[in-house]
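First the proteins, then the strands, lettered A, B, ... as listed; each starts at 1.
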Amino acid sequence: MSDENKSSSSPAGGEPTATRSAAPMWIVVTTLVLLCIGGYYFDQHGGWFDAHVYAPYSSAEKLEAYQPQSGAAAALARGKKTYEAVCGICHGADGMGKPAQFPPLAGSELVNSAGVNRLIHIPLAGVNGAIQVEGKDWNLAMAAMGAALPDEDLAGVLTYIRTSWGNKGGEVTAEEVKKVRAELGGSPQPMTGPQLMKMPE
Amino acid sequence: MKTGFSIFLATFVALGASWSGFVLAPLLQLGGAKQTVILQSTDNWPQQRTGNATLGLQVYRAYGCAACHTEQVRQTGVACEVTLTSLGVQQPADFVAFVRSLFALPELAAYTNAMAASLDGWNGGLPKTLLTCPDKDVASAMADRLKAAGIKSETSIVAIGPDIARGWGFRQSVAADYLYDQPVQLGSLRAGPDLANIGVRAPDARWQLQHLYAPKSITPGSTMPAFKFLFEVRQVGAQPAPDALNLTGDFAPPAGFEVVPKPEATELAAYLLSLKANAPLYEAPFTPVTAAK
């Protein structure tokens with residue numbers, strides 16, 4: 001051990017000596033700069049170890065943005081889901097309603113109408129009292145089931161209703177729902193059958 | 001040995017760092033991989049192989065197929081395609097004029113040439129892909145403008161890359177694809193084509209078997225060796241075997257003989273048919289190709 005000490009401090013023979021000295025400043029600075037560049041690059045392209053993020057997607061947000069949403073099909077699928085959760089309990093997953101309790105939506109003239117004004121009023125305001133659907137009398141209160149749904153979701157549900165089970169109605173847009181909602185105001189009273197029929201389609 | 005402990009520590013750190021990087025980090029990242037749900041569907045991905053296909057993976061491994069074939073599709077980019085589905089009340093000529101009026105928009109500057117070229121000589125046939133661009137915002141802004149003009153369009157996501165251009169897949173391969181491969185046969189050399197979705201490209205077991213027996217009978221220029229030892233050439237019995245290959249010309253066996261696959265060949269073919277990397281996943285999205293509307 002002492003030999004080692006001696007040899008490293010020996011000045012004789014021009015042998016190189018190991019001494020303790022600080023690393024040159026340029027190495028420190030270069031290393032730090034490289035670390036910064038590397039860290040920035042990782043942040044921009046690495047996806048932070050997310051198991052779902054592969055190149056060419058550079059982050060979870062980018063990947064999310066490229067998830068396919070083919071407009072009409074996606075809205076319809078969403079509408080079906082919402083229908084089954086909110087409306088299907090009474091009106092049935094097949095839209096046939098329940099005899100003498102809940103009117104059917106399949107084939108209903110209110111659903112298949114040319115305009116959608118009346119149809120949008122029903123879930124937004126609710127219905128109370130007698131109403132005629134498919135030539136039969138129904139007498140039951142329906143709460144404003146759609147009032148709590150966002151415009152897009154309610155539009156999706158109504159579009160689903162109007163295009164399913166053999167119904168031949170068209171699309172209902174979120175703008176149309178929004179317009180009716182604005183007309184109805186904050187807490188609308190349930191509509192009666194005659195009131196509904198007096199409205200434009 | 002004053003420095004013994006330092007040497008041990010330095011070695012430990014060096015090996016530990018590479019172990020963490022090569023083993024621990026991937027394990028933490030992908031070790032918990034499970035079946036996932038295919039986009040816009042309720043089906044799971046991937047499906048466990050069954051029967052012959054499970055055995056076929058070992059045949060594939062035993063004959064070193066991975067020496068010349070890869071099972072990994074690469075992707076270099078992603079693009080949005082705006083496809084017209086209905087022009088509404090507009091005539092094609094009016095529509096082209098309308099699109100040309102949009103060319104002044106700075107965001108579309110990079111795509112005007114391609115759009116102009118694709119509209120040249122267009123006879124109004126639908127569906128028509130109008131715009132292909134990597135920027136999702138540009139594509140959806142375009143779709144919104146078309147919608148405002150009463151034109152219906154659909155925006156689809158397509159994967160881009162040399163492998164995808166060769167028709168070897170719809171999207172890149174991701175870790176989930178290999179969940180039930182034991183061992184994973186990634187491969188690193190492509191003397192032959194990539195096989196990640198050969199089961200989609202050639203979904204016929206008879207095709208696969210004939211190709212294994214005599215690749216040149218299907219692809220004249222093929223450099224693939226013929227795996228004739230996986231088949232038995234035998235005399236036709238009272239009736240021809242139902243699984244005998246339907247060979248013609250130079251590849252046909254002598255008269256009175258038939259070529260019948262041995263179990264290994266059947267298993268390998270079943271494995272090849274199970275390679276179907278065609279499902280859109282969250283980590284590798286694309287819009288599934290549906291029938292034209």
Side-chain angles (χ1 to χ4, degrees), chain A residues 1-9 18 20 31 35 38-39 42 44-81 84-85 93 152 155-156 159-160 163 170-176, chain B residues 1-3 25-34 36 39-42 73-83 85-86 134-137 139-140 143-144 146-147 152-161 171-177 280-290 293:
Chain A
M1 290 288 162
S2 57
D3 290 354
E4 215 175 70
N5 246 343
K6 213 185 267 173
S7 72
S8 69
S9 59
R20 282 176 182 276
T31 309
L35 273 176
F42 173 77
Q44 294 295 303
H45 297 88
W48 284 97
F49 299 111
D50 189 318
H52 288 119
V53 178
Y54 293 79
Y57 306 99
S58 53
S59 67
E61 292 77 47
K62 289 257 172 64
L63 178 60
E64 185 67 47
Y66 280 101
Q67 295 302 318
Q69 285 155 342
S70 55
L76 209 60
R78 210 175 142 78
K80 180 172 194 283
K81 228 169 155 183
E84 278 160 10
E152 291 77 24
T159 305
Y160 173 69
T163 53
E171 193 190 351
V172 181
T173 63
E175 286 77 39
E176 288 167 324
Chain B
M1 281 299 283
K2 197 172 71 176
T3 51
L27 181 74
L28 292 176
Q29 195 177 14
L30 296 168
K34 290 198 291 278
T36 54
L39 285 183
Q40 299 183 329
S41 151
T42 51
V73 176
R74 296 165 302 173
Q75 180 179 338
T76 53
V78 60
C80 296
E81 271 183 2
V82 179
T83 305
T85 52
S86 158
D135 193 332
K136 173 123 187 182
D137 295 336
S140 59
D144 288 346
L146 292 174
K147 194 178 176 188
K152 280 191 183 150
S153 67
E154 278 187 9
T155 306
S156 56
I157 312 287
V158 289
I160 294 175
R171 56 149 172 97
Q172 65 187 341
S173 300
V174 294
D177 295 338
L281 302 179
Y282 180 83
E283 53 262 54
F286 70 94
T287 308
V289 184
T290 49
K293 282 172 193 165

Among the listed options A:Ala55, A:Ala60, A:Ala51, the residue most often paired with chain B at heavy-atom distances under 4.5 Å:
A:Ala51
Contact winner vs chain A - B:Val174, B:Ile160, B:Leu28, B:Thr76, heavy-atom pairs under 4.5 Å
B:Val174
Classify the side-chain pair B:Glu283/A:Tyr57 by whether it contains a donor and acceptor separated by less than 3.5 Å.
no
Distance (rounded to the nearest 0.5 Å) between A:His45 NE2 and A:Ser58 OG
6.0 Å
Looking only at B:Leu30, B:Asp137, B:Val78, the option with the highest number of non-hydrogen pairs under 4.5 Å against chain A is B:Val78
B:Ala175 versus chain A, heavy atoms under 4.5 Å apart: side chain, backbone, both or neither?
both
Can a donor-acceptor pair be found, under 3.5 Å and without considering hydrogens, that links the side chain of A:Glu176 to the backbone of A:Thr173?
yes
For A:Phe42, all residues meeting ring pair (Phe, Tyr, Trp, His ring centres under 6.0 Å), sequence neighbours excluded:
A:Trp48, A:Phe49
